[in-house]
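My questions will all concern the structure given below.
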Amino acid sequence: QVQVVESGGGLVQPGGSLRLSCAASGSISSINAMGWYRRAPGKQRELVATITSGGTTNYADSVKGRFTVSRDNAKNTVYLQMNSLKPEDTAVYYCNAGTSHSGYYYPLYWGQGTQVTVSS
């Protein structure tokens, strides 16, 4: 199995920035991509961003141009840099390890979630 642990959430003012990190361990050879999901209060879960082992990235339209996903293979870690944050970005953010094929992401292993609150 793959264990996923994320961190870096917190409280930030609108327009501010925050960086989330996610460390993966275990049978990491069984995955070829990682993704970030979020669930805002009263809303369905949303796929925010994905990155493949080769570095290909995809973003939801709601965060495109503001968020950046990256990875450090040597550290088995992925990051989500969030800039120009809006109150609508308030949510629990979940890191996920999975697979990506033909432009689709398939979630397999979930982190515990980290709270991001954007408020003045």
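It should be emphasised that the depicted structure is a prediction, and the values quoted were computed from it without experimental measurement.
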#### Entry: Closest non-hydrogen atom pair, Asn32 against His101
ND2-CE1, 4.0 Å
### Query
Can we call the ring centroids of Phe67 and Trp36 under 6.0 Å apart?
no
### Query
Does the Glu6 side chain pair with the main chain of Cys95, one donor and one acceptor, at a distance under 3.5 Å?
yes
### Query
If you group Ile, Leu, Val, Met, Phe, Trp and Tyr by side-chain heavy-atom gaps below 4.5 Å, do Tyr59 and Val118 land in one group?
yes
### Task
Tell me whether the guanidinium CZ or amine NZ of Arg19 lies under 6.0 angstrom from the six-membered ring centre of Tyr79 and within 45° of its axis.
yes
### Query
If every non-hydrogen atom of Gln81 is compared with every non-hydrogen atom of Ser17, which pair is closest and at what distance?
NE2-CB, 4.0 Å
### Steps toward side-chain contact (heavy atoms from CB on, under 4.5 Å) verdict (Ser53, Arg71)
CA-CA 8 Å; Ser53 59; Arg71 71 188 305 159; 4.2 Å; yes
### Query
Are Leu85 and Val48 in one and the same hydrophobic cluster, where Ile, Leu, Val, Met, Phe, Trp and Tyr link if side-chain heavy atoms are under 4.5 Å apart?
yes
#### Entry: Nearest-0.5 Å distance that lies between atom OH in Tyr109 and atom OG in Ser27
7.0 Å
### Query
Any side-chain donor paired with an acceptor under 3.5 Å for Asn96 and Tyr105?
yes
### Message
Can you tell me how far apart OG1 (Thr99) and CD1 (Ile31) are? Round to the nearest 0.5 Å.
### Response
9.5 Å
### Audit row: Leu11, Gln115, side-chain contact (heavy atoms from CB on, under 4.5 Å) steps and yes/no
CA-CA 8 Å; Leu11 175 64; Gln115 176 71 49; over 6 Å; no
### Message
Applying a strict under-4.5 Å side-chain criterion to I, L, V, M, F, W and Y, I'd like to know whether Leu20 and Trp110 cluster together.
### Response
no
### Task
Measure the spacing between CE of Met34 and SG of Cys22 and express it to the nearest 0.5 Å.
4.0 Å
### Pairwise distance OG(Ser25) to CD(Gln3) - rounded to 0.5 angstrom
4.5 Å
### Query
Just how far is it from atom OG1 of Thr57 to atom CD1 of Ile51, taken to the nearest 0.5 Å?
6.5 Å
### Query
Quick one: which of Val12, Asp89, Val116, Thr68 gives a side-chain contact (heavy atoms from CB on, under 4.5 Å) with Met82?
Val116
### Query
When hydrophobic residues are tied together by side-chain contacts of less than 4.5 Å, even through go-betweens, does Leu80 share a cluster with Leu47?
no
### Task
Look up atom NZ in Lys43 and atom OG1 in Thr90, then write down how far apart they are to the nearest 0.5 Å.
9.5 Å
### Any side-chain donor near an acceptor of the partner, Glu46 and Ser62, under 3.5 Å
yes
### Query
Is there a chain of hydrophobic side chains (I, L, V, M, F, W, Y, each step under 4.5 Å between heavy atoms) that links Tyr94 to Leu18?
no
### Chi angles and distances behind the side-chain contact (heavy atoms from CB on, under 4.5 Å) call for Ser7, Thr114
CA-CA 6 Å; Ser7 61; Thr114 185; 5.7 Å; no
### Query
Under 3.5 Å, side chain of Thr52 to main-chain N/O of Gly54, donor-acceptor pair present?
yes
#### Entry: Short side-chain donor-acceptor distance under 3.5 Å, Ser21 and Thr77
no
#### Entry: Main-chain N/O of Ser84 paired with Arg66 side-chain donor or acceptor, under 3.5 Å
yes
### Message
Less than 6.0 angstrom from the centroid, inside 45 degrees of the normal: does Arg38 satisfy that with respect to the ring of Tyr93?
### Response
no
### For Ser119 against Pro14, the heavy-atom pair lying closest together
C-CD, 3.7 Å
